[in-house]
Asks: 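Could you have a look at this structure, given as structure tokens, before my questions?
Every chain is numbered from 1, with letters handed out A, B, ... down the list of sequences.
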Amino acid sequence: MEAASLPAAKPKALRVVQDWLSKYGLIVVLLAMPVYYGIQDLSDEGDLSRLGGNIVDGLSNGSIWALVAIGYTLVYGIIELINFAHGDVFMIGSFTAAGFFGTIGLTAGMGIPGLALGLFLTLLVCMLTTGALNVMIERVAYRPLRGAPVLAPLITAVGFSFILQNVGLLWRGGSQEGIGDLINSQNTLFTITGVEITNGDLLAMGTTIPLVILMVMFITRSRLGKAMRATAQDPEAARLMGINVDTTISLTFLLGGMLAGAAGLIYALYQTTIWYAQGFTAGLIAFTAAVMGGIGNIKGAVLGGLIIGIIQQIADNRIGTEWTPAIVFAYLVLIMVFKPSGLLGEQTREAG
Amino acid sequence: MTDASPDLILDARDVSKVFGGLTAVGGVNFGIPRGGIVSLIGPNGAGKTTFFNMLTGLYKPTTGRIVFDEKAITGGRPDKIMALGIARTFQNIRLFGTMSARENVMVGEHARMRAGLFGSILRTPRVRREERHVSDKAAEELAYVGLPPNTFDQLAINLSYGDQRRVEIARALASDPKLLLLDEPTAGMNPQESDELTALMHRLRDERGLTILLIEHDMKVVMGVSEYITVLDHGEKIAEGLPEQVRNDDRVIEAYLGKGAVHE
Amino acid sequence: MSMLVLDDVQTYYGNIQALKGVSLTVEEGECVTLIGSNGAGKSTTLRSISGLSPPRKGSILFEGQEIARMPPQDIVSLGISQSPEGRRCFPRMTVAENLDMGAYLRRDGEIARDRDRVYELFPRLEERSKQKAGTMSGGEQQMLAIGRALMAKPKLLLLDEPSMGIAPILVERIYETIAEINRQGTTILLVEQNANFALGVSQRAYVLETGKVALSDESAKLRENPDVQKAYLGA
Amino acid sequence: MTAAMGNRNVKIAIFLVGLFIVAILPLFFNESSGFIDDCTLALAYIVMALGLNIIVGFAGLLDLGYVAFFAIGAYTMGWFASGFYAEADIHVFVGEFASSIPGIHVNFLIVLIIAAAFTTLAGIVIGLPTLRLRGDYIAIVTLAFGEIIHRIAINGDEVQIAEGFPLTNGRQGITPVDKIDLPFIEPFTSLNLRPWYWVALALALFVLFVNFRLRDSRLGRAWIALREDEVAAISMGIPAVKTKLLAYGTGAAFGGMSGAFLASYLNTVNADQFAFSFSIFVLAMVILGGLGSIWGVVLGAVALTFINYRLIPDVLNDVPNKVGLDFDLSELSFGIFGFLLVIMMVLRPEGLIPERRRQMELEQGIGTGDTELDLVEP
Amino acid sequence: MVNGIKLALQQADNKAGNFTIKYESLDDSTAQAGNWTPEATSQNARKACQNDKAAVYIGEFNSGATAVSLPILNECAMPQISPANTAVGLTTDEPGADKGEPDKYYPTGKRTYTRIVPIDTIQGAALATTMKEDGCTKVAMTNDKEVYGAGLSRNIQLSAEAQGLNILFNEGIDPKAPNYRSLASRAQGDGADCFVYAGITANNAVQLYKDFAAAIDGVKMYGGDGVAESGFADPAEGGIPESVGANVKLTVATLSPDDYPPQGQEFFGDFEETYNEPNPDPYAIYGYEAMNLALDAIARSEDGSKEKVLEALFATKDRESVLGTYSIDENGDTTLTDYGLYSVDGGELKFDKTIKAETGG
């Protein structure tokens, strides 16, 4: 289970430090930023509303990453593939949403019932589109390579990522595009102890939480969900149970794609800017989230997504947006050093 | 083995290993006399392989102290322990499948070789000599364990099961170990092959002065070859002694052997 | 009509031919053993029957139906289930969930009853029903693998090396149970290294050598055969 | 034995003839022809791809952050051979023009060695915490390091090593960079590409030689052993981290050398070059060519270079024009690139020239990374 | 911009004096990178050098790319006209240039590069002056870190500080970030009343302006010519919403369409006719003028050779153009210094006034 090679015997003092680090290092790493800046806020401003604001923004952004990360983690869990095209499926979700708003004529001025219905319809359309797209990608680019060298599908994944980005580029042009702000995303809904909660925050968390709960229930309770888990743990034994492994893998891609579609819609509504390369960044972040949480583990993916969301906002606010990605990745490295299997890492075949 | 035995090649004291909350090995004292053939038996999950893995450095003991040949090796790195003279085989054969039998054995000599990065790139005369020497020695070891010479340069994956076991032992021998650990060497062998292996173990000890520690389920092999037996159950030592004593020990029969288990 | 008929089955891994024309039959209600040394093709025979390694040539009839090129899930639904070599339990699922997976294709209402039956055969599994399979000992996992295969309510049960790597005391117990399962009416095709036990519970046996059937007879007679004794029983 | 020797002689003869053709190739083209340019780039990418091949192909470590070494190599060139550090005035064995402008200007050959040293060092720093991990976790952590280096490159203008000495010039890039200036021959120019081509060829031959020598050495065996079964390998006395570090450090050094060459050749060190997609570009060369297969990787590098720099921009994009359509294919270029990647991989999953061992591993299911120790004994 | 170039050529009937002109468009990006790359840029420059018939090189759009192509083109003495570069250091060593600039770009020591847009020093001063006039006190600055954005922001900051404005921060942004809410809330926490961005639209400018508008009530927002295009100003083309646009002012080195000389007026009419686009991006007119200048220089040269064209180019005096009347100085810079201040109104850029900014305050 641990790394196979162990350090040679070391002087005692060093060992004590090492033991301490291996026990508490992870906690120290995770809490370092919020605690440091919390103390700074308390001493500078006397309350924690600035940090609170960062955390709320972080949770909203993070919940989008979480939905995308689940798709990564599901796919990795079942066929051990880093599905580089997944972020771009998410992008297509955003584009579908933006296109569909226009088609059915949703505007910010409509009444709440009409808007809610319209958005719900959009959600379904997005989820179906990206779900189907993801299933198609699996059929075309990954299934023919089953049994091929493990790295071959990695390259087809990258290839598909390029293809989808090009589709996005032709669809809506090369630069970021502002779209209608249907829900007045940044309007404050209410304020708790100095922390503003906006419409966008409510939407992001309000959509993500039920989706994640549904997903976890589906996978742990339902027959098909169990088939997915069984296939992930031992595909050959799963076949002996009468599970159709190909269908189960397709189902996994369907679910992952649907969540990416939902995330795409939330992203479009929350950020109100979309562009063809958004999926690349999102994919990288979501994959990092999946690994951080322990790849193959849904709850881990959600936790990883939320943590990254919070790190990003704190870093944006205190350090500077240009450094934010570096800080996120530095966190990833530290977490891997202290807990190589990720925060909630289960034993996967690969990680050991 | 008790403290009274003066010449222990390996002495493990109060060794335990805890995974999560699960105690795999709990406070075991264990010694191997130099030049002996000793067996470790016990039901599955008793902690035998975990114990092996601690001796070879794959696992770091949670508590305890292991001394090999008067050097402390507790928690040392596997490659360093190997270099000190402990070599092993695995329960499921772990040969490098795409290498020939000879190359596999040459890997076993890795620790005895000196060619580094630059030496390998420049391929100096010294490096060439070393390669030749190591290759010849590999052939010697393969011949010693009884592999037919025409199979030396066949890929390991294409060898018969019994031959793969032999190559694995030759690979372990290539490092000139003092102590050889064999983890279920007869698993998957038919009785005839098992007998040959038993003979090989005796030869290794008699001709090369090797000390052997064996994990084995086949009672016939265990009883036939061991001078001393230790029985583990649930991570604890429940019995030890001469084969006859162990075989008739009530706890061992209850936990492991069963009533009519030993067919002879 | 025999329950299972293999006729000249040839199976390959990549370019390597593992079975060079295996023919054998299993009658309903029988327990049949395949013995042979490692690499003789015993496991491959079972994998060919269950569809994991479909044969390139030859036919496999199950109750008169050709199953040689069916996908595994269809073969399972016809009533063949396998406990694979190395047990292959789902390590991060509980014992109860593992058993449920065995009944994956079933939609009848008797799953709970069959689970009780498995618990009756292996009381150890009931004690550990909430435990993750990966944390159990090898012997317990073997029980689980057999129990899981039984949950499919098979007409034919394929068992691959049920005694491999298991303490003598458990081997005895597992073989008692296998005999019991057979008595209760399930047909069994057994692959074993440990020929002593296997010939003890089976009625007939085949000896495989390098991908072919070398010998077949009633188990009791094979036990007396001097060649078999020398090669597989350790005289 | 004699047959084998004869075979070997034939191979050497073929190699020498091929080498001669490759060496005189530029003489048949205009000295600043686009074709020579593409060839020079292809040679530089061969150096990188063969470097990565040592890491991924030989040692089996999936490195998604190889761009980090390209970056460090290129910056070494930027630091030591350009007018970037204009506060300093150091000139070591450099030509007339470089001597006339302020900054640190060190001769190309010296910088090449420094670049190899820096990247090896970086390889060790990145490798130490990373290589203890297994399989895809190595991939993600190297990816993370690659991105961190990219960010440092972008934001290095905010980081002052000393007053007036920022780490990088950020997105603005370090331009221009000194041209190669070798002893005894005319200084290189941007317009005559032949000397650049020959330098790149020399680098490529060097890395080719090292690849071949390492593959058939004690280290090569150790890498295969670690790749196929890490637990068995370390139990046979192979120090895992050290042996992997040797692969990682060597591969890194070649990335750095190629990076330094490219910085001089392209005349710039621009932070935006060092993006994740470049790591993927080089990795695609290795995988497409055939993991571990030396000639395969060479072919993969040449193929992808020409697809990216010639086929798509110059050939395919003109097709609609030629058939009389008013349609701009350049908008489709990276879709086409992706499409070609998918097609080539699906048609030849084991690579253009598969490596013998790798193919066998595939067929027999050996070394799929399943080398974990079981938590609970069977 | 390419459309502007093509239009100019079309109007001249592919002729300059006695020479027939062929225009070849070279793309400086590659499939794998999707953005301008040094490989493709230097390849293009060499292609131009190699072509004996090439007389003028129009480009690059990016100052960073020019830094790559200029030294190569300089070696073959190819006249180069950039329609868009504003980075100071390409031509002079005035404040804003790095040490060693501009000499390091000219290995032959001879100037070959000209541009028709005023350098950043002037635009920076224009923006700072505008902010001062509008009553800004605390300014939050951002830039996209590219050659253009970073250079402009440096000049804005120098000029603004000289005029007594308080610069809260000057942040380089990550153009790939999903949003800038936390950065905006930091500015709000610091009490910013004005916001300025130096960079191009394609580096996520729309999101940036939206987030600052949402975070700070009544914030006044400014930008340079990098965002003066419909893709930024027009919500129908994915630009900022009208409510945000109402608070945005931009500086561009073009005058009011009404102030243009007759040729300029004509240009707008023709452009609309040819491309069915009534409101071309400000850069379209630069592209148009770049080509016209090139044609003019070729016509004035006697034999169309590179040497003569170069001479003619640097001898440009009091040229009457769509941009106004200007000359090219010995550095290759335009003598135009007037900046137009535009506001965003209903998705369109609307000319406010001409700013005569004093460089350095």
Asks: Out of C:M93, C:E97, C:R148, which one racks up the most heavy-atom pairs below 4.5 Å with chain A?
Replies: C:M93
Asks: Between C:K42 and C:D160, is there a side-chain N and carboxylate O pair less than 4.0 Å apart?
Replies: no
Asks: Given a strict heavy-atom distance threshold of 4.5 Å, which part of C:P71 is in contact with chain A: side chain, backbone, both, or neither?
Replies: neither
Asks: Can you tell which of C:L19, C:T11, C:L6 makes a side-chain contact (heavy atoms from CB on, under 4.5 Å) with C:P55?
Replies: C:T11
Asks: Any salt bridge linking C:D100 with A:K226? Criterion: basic side-chain nitrogen under 4.0 Å from a carboxylate oxygen.
Replies: yes
Asks: Aromatic rings A:F90 and A:W65: how do their planes relate, parallel, tilted or perpendicular, breaks at 30° and 60°?
Replies: perpendicular
Asks: Under a 4.0 Å threshold between the charged nitrogen and the carboxylate oxygen, would A:E236 count as salt-bridged to A:R239?
Replies: no
Asks: Where does the angle between the aromatic ring planes of A:H86 and A:Y72 fall among parallel (under 30°), tilted (30 to 60°) and perpendicular (over 60°)?
Replies: perpendicular
Asks: Checking heavy atoms, do the side chain of C:D74, its backbone, both or neither come under 4.5 Å from chain A?
Replies: neither
Asks: For chain A, which residues of residues 101-121 of chain C have at least one non-hydrogen atom nearer than 4.5 Å to it?
Replies: C:M101, C:G102, C:Y104, C:L105, C:R107
Asks: Less than 3.5 Å apart, any donor N or O on the side chain of C:S2 or C:E27 sitting next to an acceptor on the other?
Replies: yes
